[in-house]
There are 2 protein chains.
Amino acid sequence: MAVTIKDVAKKADVAPSTVSRVIADNPRISATTKKRVRKAMKELGYHPNVNARNLAVRSTQAIGVIMPSSAETALQNPFFPEVLRGIGSVAHETEYSLYVSTGGNDEQLFEEVKRMVYGNRVDGMILLYSRDNDPIMDFLIQENFPFVVVGKPYQNESQITYVDNDNISASKEITKHLIDFGHEHIAFIGGTTDLVVTKDRLTGYLDALREEGIEYVDDYVVHDEFLRSSGRKAVEQLFSLEKPPTAMVIADDMMSLGVINMLEEFGVDCPEDVSITSFNNLYLSEITRPPLTTVDIQIYKLGIQSAKCLIEQLKSKDEPAKRLIVPYAIKYRHSTRKLD
Amino acid sequence: MAVTIKDVAKKADVAPSTVSRVIADNPRISATTKKRVRKAMKELGYHPNVNARNLAVRSTQAIGVIMPSSAETALQNPFFPEVLRGIGSVAHETEYSLYVSTGGNDEQLFEEVKRMVYGNRVDGMILLYSRDNDPIMDFLIQENFPFVVVGKPYQNESQITYVDNDNISASKEITKHLIDFGHEHIAFIGGTTDLVVTKDRLTGYLDALREEGIEYVDDYVVHDEFLRSSGRKAVEQLFSLEKPPTAMVIADDMMSLGVINMLEEFGVDCPEDVSITSFNNLYLSEITRPPLTTVDIQIYKLGIQSAKCLIEQLKSKDEPAKRLIVPYAIKYRHSTRKLD
DNA sequence: TTATTTAGCGCAATCGCTTGCCAATAGGTT
DNA sequence: AACCTATTGGCAAGCGATTGCGCTAAATAA
């Protein structure tokens, strides 16, 4: 059907192997021959067949990107397109292709991953989430398949290369900001607790309270699905307390949106009645009312770095496990208020 | 390295070809042999190598998904994860894999597409946007490569299969809603005019005005980048008119967010001072203040249908070009107000 | 009993490319 | 002139599947 390496070989009057080496820019081929072969390729409109190549070298030039199962509304979080953009950017320069997972639920996701691994569809993968007892991560480790995770692995931390923010100190810093503003009744609203990112952010919050000598109130920490129910439950719960919080640390910009929305329904104004700090610095967070004070975790950069790490790892098989912390930066906007 | 079809054959004491036929569940093989072979596969932990298979049958079981170049902030629009989710869902059931584009700019995108096509990486693709004079679409047509577009092609409409909403009547209907509410000064804010979706929505708006005998005011229609600058320019422009609009039709929920945000800066309240209607019904649109009256275009379904169409097309080579209109439904919420 | 079918499988070519190894030519050394 | 050593490039064996065709043995027909 299509034009193959043989056709080119014939036209350039060389052997197929020579053509192959020209493609690989093998130094064994003289410049003049290369020129001739390349000319033939152009004229014939030759393009190598990746499948054949992959079969021969036993590698695809592809990396798999595993997102949380799409049943979770989490996927609607613009976080994902944004990391994807970062990953895609390095994938493009290095000529890797991107495979994305399609699983709707956890089981399907797992199937998908197996297909990728066993079927030799990808050379390595990037996990875009990290949760407790993740069977997928376990599987990858057991199969000794190259992967990197965006976020902190729930275990085997030292043997897995991952890129993450220092969520603990970010969280600590931002809740201290609240404390500096005179707040003492600070709530924490986080997503499902089996995401390690949630745990880290909670830890930072707790650390701040402790270090500043502020009493921890159990009722002040609530967990809710990231998007689901728009944080309604959380808000209801918090503002029916006899002493409602005057500030809150929310673990994700999208949640914050939901919360602010609920707040209004309850007649609570932000930042007048309650200050809010958040995480991620999605594009959205600056066009909401009020614009959110949030920690910029540099999503795009997370994507870039994870892809780079993975590719390095693929290149030299026994690259040591790395940990890469991308710095965060707090964006101070208008969702917090100094208490008088 | 890995276990191959030959290993299985040896173990089951049959020929490799038999194993292959067992995999394909070919009726030529007796049930008992199949059983035996399958047992061997299990015991050896056999998994077919897709590359080899693809090479042999000259097809990948993969479909490419082309998003707009990621430089455009448009990619941050949750529209994309959502279509992707739809596509992924049918991809999963049909055991197709998903390749996504990674190009950062138009040129890179084009390269990427060429790689996919020439390299036999995917069997077909889905374009997630449609714009004027799109070289990629032209290329695909010229190469006679199977593809479907989400949205309406800018030309050759009858020969391309695509899935879309009836954006014209949706837009007409929703601006009539505004008119019914007594508005006569209605603005239109759209994204870049070379997206055909923008044009369609504009057309519907104009149709409504005409049919209702409302005068068209040139200053009332402004175009802005989808996300960029948060619609600031649009708002500035409109509200410095001597007769500012009392309502607006905005072509995208994300833009609406930006606009509402700007509005506040200008001291204009929605819906008190100005009514807003929007498009897409992103998850976000119901957790904003006010919740948006928007047309639900059923993004997920767009994804599902486009994937289905593509796969049908791949199965039977000369499937005729189809057009699939997925119905829309207006969600009436609180961003519009009846004029008294 | 012999001739024909019909299952049920195996042979071997093929898909398009890579790569270890060998061959040939050329230039350089004694 | 005989011998070496680079350079260049070709041969052919894979990589792991699929598939047209042919073969054998059992089943059915004559």
Side-chain angles (χ1 to χ4, degrees), chain A residues 1-41 44-62 95 115-123, chain B residues 1-38 40-41 44-62 95 97 115-123:
Chain A
M1 195 73 282
V3 19
T4 81
I5 211 173
K6 284 184 195 157
D7 302 320
V8 177
K10 201 159 301 168
K11 174 133 192 166
D13 200 30
V14 295
S17 51
T18 302
V19 178
S20 172
R21 288 191 244 266
V22 171
I23 296 174
D25 203 24
N26 187 311
R28 278 181 40 183
I29 306 298
S30 68
T32 68
T33 309
K34 279 185 184 168
K35 206 133 298 172
R36 188 151 43 93
V37 172
R38 295 220 172 91
K39 179 151 160 286
M41 300 200 311
L44 264 44
Y46 169 78
H47 288 275
N49 178 316
V50 254
N51 280 319
R53 165 162 220 292
N54 290 344
L55 179 57
V57 303
R58 265 181 264 36
S59 105
T60 66
Q61 280 270 99
E95 308 228 318
R115 286 223 314 257
M116 288 192 189
V117 172
Y118 289 139
N120 281 108
R121 285 170 194 273
V122 300
D123 292 342
Chain B
M1 193 73 285
V3 19
T4 80
I5 211 173
K6 285 184 195 157
D7 302 319
V8 176
K10 202 160 297 167
K11 174 133 190 163
D13 199 30
V14 295
S17 50
T18 302
V19 177
S20 172
R21 289 191 243 268
V22 170
I23 296 174
D25 203 24
N26 187 312
R28 278 178 42 185
I29 307 297
S30 68
T32 68
T33 310
K34 279 184 184 170
K35 206 133 297 170
R36 190 151 42 91
V37 171
R38 296 220 173 91
M41 301 198 311
L44 265 44
Y46 169 78
H47 288 274
N49 179 315
V50 253
N51 280 319
R53 164 162 220 292
N54 290 343
L55 179 56
V57 303
R58 264 180 265 36
S59 105
T60 65
Q61 281 270 101
E95 307 227 318
S97 304
R115 287 224 313 257
M116 288 193 188
V117 173
Y118 289 138
N120 281 107
R121 284 168 194 273
V122 300
D123 292 342

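Protein chains get the first letters and strands the later ones, always in sequence-line order, with residue 1 at the start of each. The model shown is predicted, which means the values in this text are computed figures rather than measured ones.
Set against C/dG16, C/dG8, D/dG9, the side chain of A/Thr33 has D/dG9 as its closest nucleotide. Relative to the side chain of A/Thr4, the nucleotides C/dC17, D/dT18, C/dC9 differ in distance, and C/dC17 lies closest. You'll find that the side chain of B/Pro48 is closest to D/dA17, out of C/dC17, C/dC15, D/dA17. With D/dT18, C/dC9, C/dT19 as the choices, the nucleotide that has an atom nearest any side-chain atom of A/Val57 turns out to be C/dT19.
Remark: B/Lys34 engages B/Asp25 in a salt bridge, criterion side-chain N to carboxylate O under 4.0 Å.
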Decide side chain to side chain contact (heavy atoms under 4.5 Å, CB included) for B/Ile5 and B/Ile23; before the verdict, give the C-alpha distance in whole Å, the side-chain angles of both, and the deciding distance to 0.1 Å. CA-CA 10 Å; B/Ile5 211 173; B/Ile23 296 174; 4.3 Å; yes
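In this structure, B/Val19 reaches neither bases nor backbone, as no heavy-atom distance under 4.0 Å exists between it and the strands shown. Note on B/Ile29: only backbone sugar-phosphate atoms sit closer than 4.0 angstrom, heavy atoms only; bases stay farther off.
You won't find any donor-acceptor pair under 3.5 Å spanning the side chain of A/Arg28 and the base of C/dG20, going by distance alone.
In DNA chain C, consecutive stretches of 3 or more Watson-Crick or G-U wobble pairs with both distances under 3.5 Å are given as paired ranges: C:1-30 with D:1-30.
Each of B/Ala52 and B/Ser30 has a nearest nucleotide on DNA chain C; the 5'-most of these lies closest to B/Ser30.
Here C/dC9 presents its P atom at 13 Å from CG of B/Asp25, a figure rounded to the nearest Å. Atom CG of A/Asn26 is separated from atom C1' of D/dG9 by 11 Å (rounded to the nearest Å).
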All N/O pairs under 3.5 Å across the protein-nucleotides 11-14 of chain C interface:
| from | atom 1 | to | atom 2 | distance (Å) |
| --- | --- | --- | --- | --- |
| C/dC11 | N4 | B/Ser17 | OG | 3.1 |

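Side-chain nitrogen and oxygen atoms of B/Tyr46 include at least one within less than 4.0 Å of the OP1 or OP2 phosphate oxygen of D/dA17.
Residues passing the side-chain hydrogen bond (donor to acceptor under 3.5 Å, both in side chains) test with A/Thr33 are A/Ser30, sequence neighbours excluded.
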